[in-house]
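Everything below concerns the one structure shown next.
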Amino acid sequence: MLNYILRRVLLMIPTLAVISVLVFTIIQLPPGDIITSRLLLLQQQGVDVSQEAIEAMRARYNLDDPLYLQYLRWIGGFLQGDLGYSVQFGQSVNHLIWERLGYTLLLTTTATLFAWLVAFPVGVFSALRQYSLLDYVATVLAFLGLATPSFLLALVLMYLGYAWFGIPIGGLFSPEFAAAPWNGSKLIDLLKHLWIPAVVLGTAGMAGLMRVMRANLLDELGKPYVQTALAKGLHPTRLVIKYPMRIAINPFISTVGWLLPHLISGAAITSIVLSLPTTGPLLLESLRNQDMYLAGSFLLMLSTLTVVGTLLSDILLAVVDPRIRYE
Amino acid sequence: MTQATPPRVEPDAGPDLAFASQWRLMWLRFRRHRLAMVAGVVLLVLYFGAVFCEIIAPLGAGQRHRSYVLCPPQEVRLVDAAGDFHFRPFLYGVKQRGNPSDWLREYVVDTSVVYPIHFFTRGPEYEMWGLFATNWHLFGADEGAPLFLFGTDELGRDLFTRILYGSRISLTIGLVGVALTFFIGILLGGVAGYFGGWIDIIVQRGIEIIMAIPQLPLWMALSAALPAHWPPLHVYFGITIILSFMGWTGLARVVRGKFLTMRDEDFVVAARLAGTHELKIIFTHLLPSFLSHVITSATLAVPGMILGETALSFLGIGLQDPVVSWGVLLQKAQNFQAVVMAPWLLLPGLFVVFAVLAFNIVGDGMRDAADPYAN
Amino acid sequence: MRERQGEAKIRGDIPHSAWPASWFEPPRTASMVGLTQFRQSPMLDDAVATGALPPVVERLPDDPIVAEPYESIGKYGGTASIFDGGLDLLNPPGGAFRVGPQLQLNLPNYAESGEFSDGGRTLTIQLRPGVRWSDGHLLTADDFEFDLMHIEFNDQITPVVTPMLQGATIEKHGPYRFSFRFAEPQPLFLKKLAHSGDNYVAPAHFLRRYHPSFTDVEQLTREAEELGVEDWRKYFEVVNSTRDLLVFHRPVLSPYMVVSKSSTRSRFQRNPYYPKVDPEGNQLPYIDYIETQLVATAEIKSAKASTGQVTFSGRQFMTADIPLFKRFERENGYSTYIWPRPYGSDVVFQFNLTHPDERLRHIFQDVRFRRAMSLAIDRDEVNDIVYFGQAVPRQLTVVPSSRYFEPEFARAYADFDPERARQLLDEMGLVDVDGDGVREAPDGEALDITLEYTLGETPKQPTVELVTAHWGEVGVRVNRKQISGALQSTRANAGLMDMSIWHADRNADILFPIEPFWYVPMHVGQEPLLFSRWARWYLSGGTKGMEPPPEIKQLIQWWEVLRRTSDMEERIDMGKRILRSQAENVWSIGVIGLGPHPVVVKNELKNVPRDGYWGWDSRWSWPYYPETWYLEPASKSN
Amino acid sequence: MRDPVTNERHGAEPLLEVLDLRVRIERDTGLVHPLNGVSFRIQEGQSVGIVGESGCGKTMASNALLRILPRRAEITHGSMQFRTQAGDRIDLAQLDPMSRRMRQIRGGEISMIFQEPMTAFSPVHTVHDQIAEMIRLHDPGADKEEQHRRVVELLDQVGIPDPEQRAFDYSFQLSGGMRQRAMIAMALASGPRLLIADEPTTALDVTVQARVLKLIERMQRELNLALMLITHDLGVVAHMVSYVYVMYLGRVVEEGPVEAIFDNPKHPYTAALLRSIPNLASKSRRLEPIEGNVPSADRLPTGCPFHTRCTEKVGDICQQRMPARVELSVGHAVSCFRYTEESLDDG
């Protein structure tokens, strides 16, 4: 086991190295650079910006250095935990990301909980009562969830939330609570806002998980060991919980490690529509403006999270599944 | 549990027979999946619309109506305001209410103007499949009639017509994209799984790397890199390639797994011993053995492409007007104002949902049908 | 067709009577009004009582500035809620000068006067004695000197000096009196100063601590490291930033100062030293607090505004949003004011006259082509579809209220005449050779033109869609590609695009003479594409770019005269010559000007004028005395 | 074990008596009839073989006994009288499959050994866990230590070396033979009276097969179990059981003491089966596979189910009517027109 983990960690190093180069390329790929975006900002503030100014600024941010030098400078800082400085926001990247990470985590957790709490029981029930009315309803709803573009769902829910429940549009707090210190009613206010993004973000994942759970469980239910356990005289409910479900849950575990990075970036569109203070829009914004340090460090962080998450998932899977452990 | 093992095929019966009967069996099983059959019919209708959109659409895709900007959907009637029934369907006229300086574009039905609907009639000219010019339409009304079944957009263009034209792009982008995805996925996955060793390691790492990078940034970078002067058709293919670039990893993994387990099976070993070329083994022996699985995955991958196209358009990095696609149409609907003031602009979204739903259900039915151990 | 009265109004001629007469004159002072007693917001009473703040009289200048409210004397208190990025709408900067309501005047603000001498080479400014920064320090000539010498002229902090200030010096005559001495006549610098708010003044007493000319660089570098910024330069930028105030509480001259800030919200509180009072001696502003919220997209901003969530908003709204705002006005307790945008054209179509590709350059430089393209546009259709028929179809030129305006400039080649357009194109040899409905270039090759553009500010997307459709109808196909702002900037600067668009600001008197870059190749930037390589030639003194033909050199010549002359008549004459050249040559193509812009005002917010210009030239709300706006305490409002 | 035990009704009451059992499955494709009136009987301590090709309903019959049929299968007719440890006679066909009583009988009274030990164990639970569960289910009094002691003892009994260690292995860590031994241990853990072995050796190597069979035989003898051995392999039956039922398409076509069946097969199907077995066929004779395939259970042939493949058809009657059961000698009965009265007369 230890050996396995060690080998995987070692394999991660070249993978991450390649990813970092790829990330760097992604940011350099579109024409233009952060200076041009920075200039837009200066111009808005009424500062004269001429071609000479641009060239001077490019020099200041070392943008005229060869690409490999720029890459080395960036990755060197990253390895030392210095994510760099966002030209666009005028803040350190660490600061920017941390500030938004809290809400992102909150949202991600809520959405994931929502997805799992619904997907799990419904998926199990769907499998146990295959082709029952509830199975059909769940199937159709799950497919609907998979089929609806998230921004549409967000828009419509946002409107319905406003029109039916009077939930103010956009953001996570009503104006009167936004600046207030934390207390009970602020929490309630947050929850009132939170459900729409949680439902939107959770829906697609939920639908997918529901289908996976159903399919896995159906698969497992047909396995001979279920017959064996049944023939032992085990009560069917306990049997389902102890045996097939225990195995059908493995695919869930194998995706746990990806949840965070996926939701952080995947939630971007929903967050933009709903104007949420999460990391997604920040990432998109920085990409649009080619804010090298912000976008690059952000992307590399997410990718690293994914790779590490995959490893964690695999380790977790090995812990719960002896077949993998003893391979 | 009736030991319902499929009939054992005699070795000399030849693979063709097994193949054919496998497809037949699949079809028989698929037919019993009622929901999937309905979804299949929905897809056929959608594709029919996409193929014949010029004829079915009563108006031109780019045709503007300056006095009907953001006009709500108009009802085709058989019963008039007086309660009398007419055999020929008709429309009432529409006019703006109030003063332009009220800034509220509101329309009211004007029952004093009647536009009968004609079938197989002449309308705006178009070029059918780029082959010949004609002006026949399935139905239409006199010039200036508010024949807007789904309302109009912010330039006064008929949404029904545009959705039909849009389906041509949106529904094919999925097919073309999936074809590409599968080409890459099967090739790389197959090579990795079949040859194993360092090839496998490289492909595996590649997959891991691509999967590790969040999708949106990759999309953004790639689409920003599309040259500005590309004509719409090139952009269309560019976007398709971008979408496929993300999609192949999942399939490659599946194919790799299949090949890994199958390359040591007797019939493959036999072929190899007989000196058959490796590639030939892959394509004549391995691939057909799980083609049904591949096709099912393909069906299930199309929706991802359709949704991907709308997401790209949402971010403003996908197809752009004058190309008409569902994603492009939805771009106009992605704000609060559309939801409140012109909800019909969300209709393309309904079509996206329908198409994706149908593909998913058909794919699901195919999966059930393709599984020989299905109940 | 249209109501005459409405047309007159929307044409931009917002009459003087729309605003208090005093807004067109230098502000009065307390002594002129006869004020001797001053009051402050009750929220400051405690601080004064405990001695944390001096009494209001001591905080105000020797002779406080009197700002006249639009309608009524306001009431103190309340919290205004606005979008992040719209802070300055309620918090105008405290500069030495300000812009008048019709964008023609530059009026003294914290300065008493500004006078040119020496043929425009010297500008002497007299500051009002006793105006203070928000920390109580006096505003003096030092602050202007510090900004010029240590910020503007420090090549580490400001890589390139504003052209007007190149070679300038400051001479102090006393704490409140100083002179700019320019290398060449800069009679337009006062306009620049008025338009740019507090750009050329900085709190010297505060910033010296962080500036390497006054503090050890190594210490600054150390502090920068501790703060997590890359170097002292960045550190200085952070300290001096009006966006990152929280850590350092950099003193300000504006009505509000920051008290708390996160990346999504911030809270501002009244500046207790604000040097203005109302005609009854109440210290301004009236509103105690401003809260800002970060909203990522324009769509959500308009949604939030339409549900009554902000006190005042307008930035990033679109003409197309007007029905939404109108629809919810009553329900959500706000009013939608329609302010015209003071733009020569909401969307200006520019062909790259200095295109690197000789073939296209040749076609674009042909005046027949540009005239044809302009005549092919059905501006009435654009007006009907995009502007509810409520804007002004026109050729690109200055706004009607400008002293440089002539009606024929706006009418030039602005009528819809597709026949004439086709004829002109045919004459040029742009004919459809292969019969596909699209004209080929004279050499028989395809005429492949791509329009690259970014969105924002004005209804660019629908206008672009309509205009390219109109061009298609006369057989000229233009591909469209929406690109990012960053890309727009790069490609326009480098002159790489075939054609692009922008909103034609700088067409009112405050900026037109300073930056007539739609008409003269005098600037390289993201906005003007048409002349980019000629402009580079001009700016580099003929060493870079492309040498312009004589007629363009003539334009530059006229502008050289315009910017140096102190003779108003000569200035207007030169301006009109330049504009006449545009009317003749259609260097770039205007479509619709003075587009209606929705401004959403909560009903409890008072003193917001019904009329105003909304755009860069006015800096949105600045000329309309936002410091006098107040919140009617919640009662039964109608 | 080769006593010529007859299987008649006289003498002691049988442990299990199945009468005219019919099972129907509802499928998307229509109704399927895997069991069409099966009757058989097992005495206490007796070993009985049920033989037939794949698809003839053997496994269905054993699953019906334990009431663990697939969800859409139902018993439409017949009875399954079982005499419990306490001496009650209950009809298993009438019990609610989910009931406590039924669950006590499953495992507790009737245990089962499945054909694929690889998949019959849960891959994510240890062998110990799964055997201990069996003990726990049927002897709630046994505490953890008791369970552990018995698991190790059982594993030792079935010949697993180093049982203390092996008990905590997962099934996939054991060899095929060891797995099947563990399976046997699990089946015996609850002290059942009837052991159903469903193709216990098909998935094993030939060398291992014999040892596992030996083990089953030994355990049956030592514990005085009744054994119901389900197999397609007549060779296995010959050594293990005293009485044989030959099944075809959900019916018993021939039954009799094992010697009678082997030495004097009456039904053409039995005879064909015998000819197709390698180790019984004499060395000189060629193996003769039975012509054709077992027809699918959803399209049962009319008349005698075997007529489609039978080489000794009597005449048209074979595809028109169902032959009655005819007792040829004590305990040896057959269903074939060759032996019905009219046919006998002819013969």
Side-chain angles (χ1 to χ4, degrees), chain B residues 60-70 96 98-106 125 127 130 133 152-157 220-221 223-235 313-323 328 331-342, chain C residues 2-3 6 10 297-304 306-307 318-328 336 338 378 380-390 448-452 454-455 459 461-462 464-466 468-469 472 477 479-484 486-487 491 496-498 596 598:
Chain B
Q63 203 181 339
R64 304 178 302 273
H65 302 82
R66 72 160 88 173
S67 41
Y68 299 122
V69 172
L70 289 174
Q96 275 199 36
N99 212 312
S101 55
D102 296 347
W103 303 99
L104 288 166
R105 256 186 199 126
E106 286 179 327
E125 191 162 296
E127 206 156 281
T152 62
D153 69 3
E154 84 291 356
L155 296 189
R157 294 174 296 201
M220 291 179 71
S223 66
L226 294 182
H229 59 269
W230 270 14
L233 194 69
H234 287 194
V235 176
S313 289
F314 172 87
L315 294 168
I317 52 177
L319 294 168
Q320 293 177 14
D321 192 283
V323 175
V328 170
Q331 236 178 324
K332 320 266 182 184
Q334 58 186 245
N335 56 57
F336 184 71
Q337 187 186 350
V339 180
V340 179
M341 309 289 289
Chain C
R2 261 183 299 282
E3 246 180 296
I10 210 78
T297 64
E299 282 83 11
I300 294 292
K301 279 186 182 166
S302 43
K304 276 182 165 265
S306 74
T307 54
M318 284 289 167
T319 303
D321 294 332
I322 296 176
L324 174 75
F325 294 133
K326 288 283 181 189
R327 158 92 168 66
F328 286 108
T336 315
I338 307 295
D378 184 350
D380 280 331
E381 191 193 10
V382 179
N383 195 16
D384 278 351
I385 287 182
V386 183
Y387 295 92
F388 304 78
Q390 303 282 300
D448 200 3
I449 305 174
T450 302
L451 162 59
E452 294 168 70
T454 27
L455 298 181
Q461 184 63 29
V464 161
E465 286 184 26
L466 287 168
T468 51
R477 187 171 63 208
N479 302 316
R480 303 193 294 260
K481 186 172 168 86
Q482 191 190 316
I483 57 176
S484 72
L487 198 51
R491 290 178 63 78
L496 292 174
M497 301 187 270
D498 298 347

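With rounding to the nearest 0.5 Å, the separation of CG in B/N335 from CE in C/M318 is 11.0 Å. Expressed to the nearest 0.5 Å, how far CH2 of B/W103 lies from OG1 of C/T336 amounts to 11.0 Å. Of the inter-residue distances, the one linking C/L324 atom CG with B/F336 atom CZ reads 6.5 Å to the nearest 0.5 angstrom. Of the inter-residue distances, the one linking C/D321 atom CG with B/Q337 atom CD reads 5.0 Å to the nearest 0.5 angstrom.
A search for salt bridge (Lys or Arg N to Asp or Glu O under 4.0 Å) contacts involving C/D378 returns B/R66, not counting sequence neighbours.
Proximity to chain C (any heavy atom under 4.5 Å) is restricted, for B/Q334, to the backbone atoms N, CA, C and O. Contacts between C/T297 and chain B at a heavy-atom distance below 4.5 Å are absent for every atom of the residue. When heavy atoms are compared at a cutoff of 4.5 Å, C/F328 approaches chain B solely by way of its side chain, counted from C-beta outward.
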TODO: Tell me, with the steps shown, if C/F388 and B/V69 meet side chain to side chain contact (heavy atoms under 4.5 Å, CB included).
DONE: CA-CA 9 Å; C/F388 304 78; B/V69 172; over 6 Å; no
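Closest approach of B/R64 to C/A469, counting heavy atoms only: NH1-CB, 3.1 Å.
Looking at C/E465 and B/K332, a side-chain N of the basic residue comes within less than 4.0 Å of a carboxylate O on the acidic one, giving a salt bridge.
Each of B/V340, B/V339, B/L155, B/D102 has some count of heavy-atom pairs under 4.5 Å with chain C, and the biggest count is that of B/L155. Your options are C/S302, C/P598, C/G472, C/A320, and the one with the most heavy-atom pairs under 4.5 Å with chain B is C/A320.
Put simply, the side chain of C/E381 never gets that close to the backbone of B/H65: no donor and acceptor are under 3.5 Å apart. The backbone N or O of C/Q482 sits less than 3.5 Å from a side-chain atom of B/Q320, completing a donor-acceptor pair.
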